[in-house]
Enquirer: 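Just dropping this structure here.
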Amino acid sequence: MTTRTRFPSRWQDGILVLGAAVVLCASNVTVAADKTSESLAVTQSRFGKTPQGQAVERYHLTNRNGMSVDIITYGARVQAIELPDKNGKIADIALGFDDVQGYIDHADTYFGATIGRYGNRIAGGQFRLDGETYQLPQNDGPNTLHGGTQGFDKAVWAASPIETDRAVGVELTHVSPDGDMGFPGELAVTLRYTLDNDNDLRIHYSAVADQDTVINLTNHTYFNLAGAGNGTILDQVAMINADRFTPVDETLIPTGELADVAGTPMDFRTPTAIGKNIHADNQQLDYAEPKQGGYDFNWVLDTRGNLDDLAVRVSDPQSGRTVEMYTTEPGVQFYTSNFLTGSFTGKGGKTYDHWGGFTLEAQHYPDTPNQPDFPSTTLEAGDKYSQTTVYKFLPE
Ligand code: GLA
């Protein structure tokens, strides 16, 4: 059933009513709104529920270029990104699941998730702040990974739609109580995903705590520009704007050194196929994945927090699809899905191979709370944490 009407834009009982057109779907309470002037639209629907019975919502964002992004409130995740190729053929380029249970069963993939309170690893699950020692759950060998056993990826976030003159999106909020996963202070987080007609998926994070704490938020979307479940990413070509990276020990904790990428497989300063050096005989690649090697490191971005400077670009020569990353963060974790083995089924019944996707996790460096020379991740009580990261998709 389709109804067209003219009203001023407003939200009414969780339903977006925009000036140009309103589309009512007969099957459920979902209402799509189409802002025809810019062809931007946001649709809200039920995605499912957690085993505890909490409802999980999905927000479907579309633009005039045939691109769409789905965000779900379970883990504030990017659940899908549909993007045309150079011939207009659309594919979903984000790895993920069709239902909440998939995300629960394969939680260690962190597919699409918002990561908090601390992205990547904290050595020994411990840090000191203001003279106190804090102990976190050790969920990755001796270390804490991605905020501990019940990180932000497992929270059901509160959500409301966003509609501005040039973008549509969803705002998500989550309050992490004092002591959550061992971290000090209550932390209130607001996250805004927006999509515009330039194919920019913009993520803006802000947070405030009532005690001094540490914070390192990121997004853990796995991209495969050939389409999720469509082989490996080894022929896709990456450029990372970084002269240095942070080498790690065998548990993937930074040694503290900022090492030159020159002469190593970590040199992506000029566009290089991801698979070109992935098999190189290199201790760091072995630490990342002992059997076949892989990338799972933090690069020290030369963009120095400048959102206008290109941080990373990855292109698929075959499809012509490209993702660029711009960020206010000082680092990026480039991870080549070394732990995927094709052993489970993702969206649409597809399986995800070893090296079947890559992540671009804008972040402060891993283990910063134990590394006094790294840019600080301390958030003082009452101060505002802020991060903007943009994934720009081509062709437009
Ligand atoms: C990050 C880590 C990887 C891995 C993935 C999740 O990228 O650095 O080692 O744990 O998350 O599977």
Side-chain angles (χ1 to χ4, degrees), residues 75-78 94-97 102-123 125 136-154 181 216-224 228 233 238 240 242 245-255 266 274 278 283-301 312 314 325 327 329 331-344 346 352-368 371 374 377 389 391:
R77 290 169 196 256
V78 174
L95 279 61
F97 298 102
Y103 288 99
I104 293 171
D105 291 345
H106 304 286
D108 58 354
T109 62
Y110 298 91
F111 279 168
T114 294
I115 306 289
R117 294 187 184 190
Y118 197 96
N120 213 276
R121 293 172 177 79
I122 295 180
L136 317 171
Q138 292 154 286
N139 60 334
D140 187 67
N143 306 319
T144 300
L145 177 66
H146 293 334
T149 46
Q150 295 290 320
F152 291 179
D153 57 295
K154 298 186 185 69
M181 292 288 105
N216 191 25
L217 305 181
T218 193
N219 179 272
H220 210 292
T221 297
Y222 292 62
F223 303 96
N224 183 334
I233 45 81
I240 306 178
F245 76 111
T246 52
V248 289
D249 69 13
E250 64 276 14
T251 72
L252 301 186
I253 292 294
T255 60
M266 274 46 96
I274 295 169
I278 209 166
Q283 189 183 52
Q284 290 290 301
L285 297 179
D286 289 348
Y287 284 164
E289 208 278 322
K291 284 187 233 105
Q292 300 179 68
Y295 292 100
D296 190 359
F297 309 109
N298 171 69
W299 272 255
V300 176
L301 289 171
V312 183
V314 185
M325 192 185 87
T327 185
E329 290 300 286
V332 63
Q333 189 84 12
F334 175 59
Y335 168 61
T336 48
S337 60
N338 309 324
F339 301 125
L340 293 181
T341 57
S343 60
F344 59 80
Y352 302 131
D353 293 346
H354 189 72
W355 298 324
F358 60 87
T359 69
L360 303 175
E361 302 161 58
Q363 62 181 5
H364 274 56
Y365 311 158
D367 199 33
T368 294
Q371 296 279 357
F374 286 177
T377 50
T389 294
Y391 296 107

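As the structure lists them, so they are numbered: ligands from 1, and atoms in each ligand from 1.
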Enquirer: Can Asp296 be said to touch ligand 1, with heavy atoms closer than 4.0 Å?
Expert: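 Yes, Asp296 has a heavy atom closer than 4.0 Å to ligand 1.
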
Enquirer: What is the nearest protein non-hydrogen atom to atom 7 (O) of ligand 1, stated with its residue, atom name and distance?
Expert: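 Looking only at protein heavy atoms, the one closest to atom 7 (O) of ligand 1 is Glu361 OE2, 2.9 Å.
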
Enquirer: Going by the atom numbers of ligand 1, which of them fall below 4.0 Å from some non-hydrogen atom of Gln333?
Expert: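 Per the distance check, 8 (O).
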
Enquirer: Quick check: does any side chain N or O of Tyr335 sit under 3.5 Å from a backbone N or O of Gly357, one acting as donor and the other as acceptor?
Expert: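 Not at all, since once roles are kept as given, no pair shorter than 3.5 Å links the two residues.
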
Enquirer: So if I count the atoms of ligand 1 from 1 in the order they appear, which ones are less than 4.0 Å from some heavy atom of Asn120?
Expert: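 That gives atoms 2 (C), 8 (O) of ligand 1.
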
Enquirer: Report yes if the distance between the aromatic ring centroids of Phe339 and Tyr110 is under 6.0 Å, otherwise no.
Expert: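 No, ring centres 6.0 Å or more apart.
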
Enquirer: Taking Thr218 for the side chain and Gly119 for the main chain, is one N or O donor matched with an acceptor at less than 3.5 Å?
Expert: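 Looks like no, no N/O pair under 3.5 Å.
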
Enquirer: How far is atom 6 (C) of ligand 1 from the closest protein heavy atom, and which atom is that?
Expert: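 Going atom by atom, the protein heavy atom closest to atom 6 (C) of ligand 1 ends up being Asp108 O, 3.6 Å.
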
Enquirer: For Phe245 together with Phe334, are the ring centres under 6.0 Å from each other?
Expert: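 Phe334 vs Phe245: aromatic centres not under 6.0 Å.
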
Enquirer: Just distances here: any N/O of Tyr110 and N/O of ligand 1 closer than 3.5 Å?
Expert: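 No; the residue has no nitrogen or oxygen that sits under 3.5 Å from a nitrogen or oxygen of the ligand.
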
Enquirer: What atoms in ligand 1 come closer than 4.0 Å to a heavy atom of Phe339?
Expert: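 Going through ligand 1 atom by atom, the ones under 4.0 Å from Phe339 are 4 (C), 9 (O).
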
Enquirer: Give the atoms of ligand 1, by number and element, whose distance to some non-hydrogen atom of Leu145 is under 4.0 Å.
Expert: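 Listed by number with element: 10 (O).
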
Enquirer: Should the ring pair Phe111 and Tyr352 be called parallel, tilted or perpendicular, given that the plane angle runs from 0 to 90° and is split at 30 and 60?
Expert: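 Geometry flag for Tyr352 against Phe111: perpendicular rings.
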
Enquirer: Could you tell me, atom by atom, which parts of ligand 1 come under 4.0 Å of a heavy atom of Tyr222?
Expert: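 Reading through ligand 1 atom by atom, the close ones are 6 (C), 12 (O).
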
Enquirer: Between Tyr295 and Leu285, is any pair of side-chain heavy atoms under 4.5 Å apart?
Expert: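 Heavy-atom side-chain distance check passes, below 4.5 Å.
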
Enquirer: Which heavy atom in Asn298 sits nearest to a heavy atom in Gln363, and how many Å separate them?
Expert: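 Closest pair (atom of Asn298, atom of Gln363, distance): OD1-NE2, 3.0 Å.
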
Enquirer: Note the single closest protein heavy atom to atom 1 (C) of ligand 1, along with its residue, its atom name and the distance in Å.
Expert: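 Sorting protein heavy atoms by distance from atom 1 (C) of ligand 1 puts His146 NE2, 3.1 Å first.
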
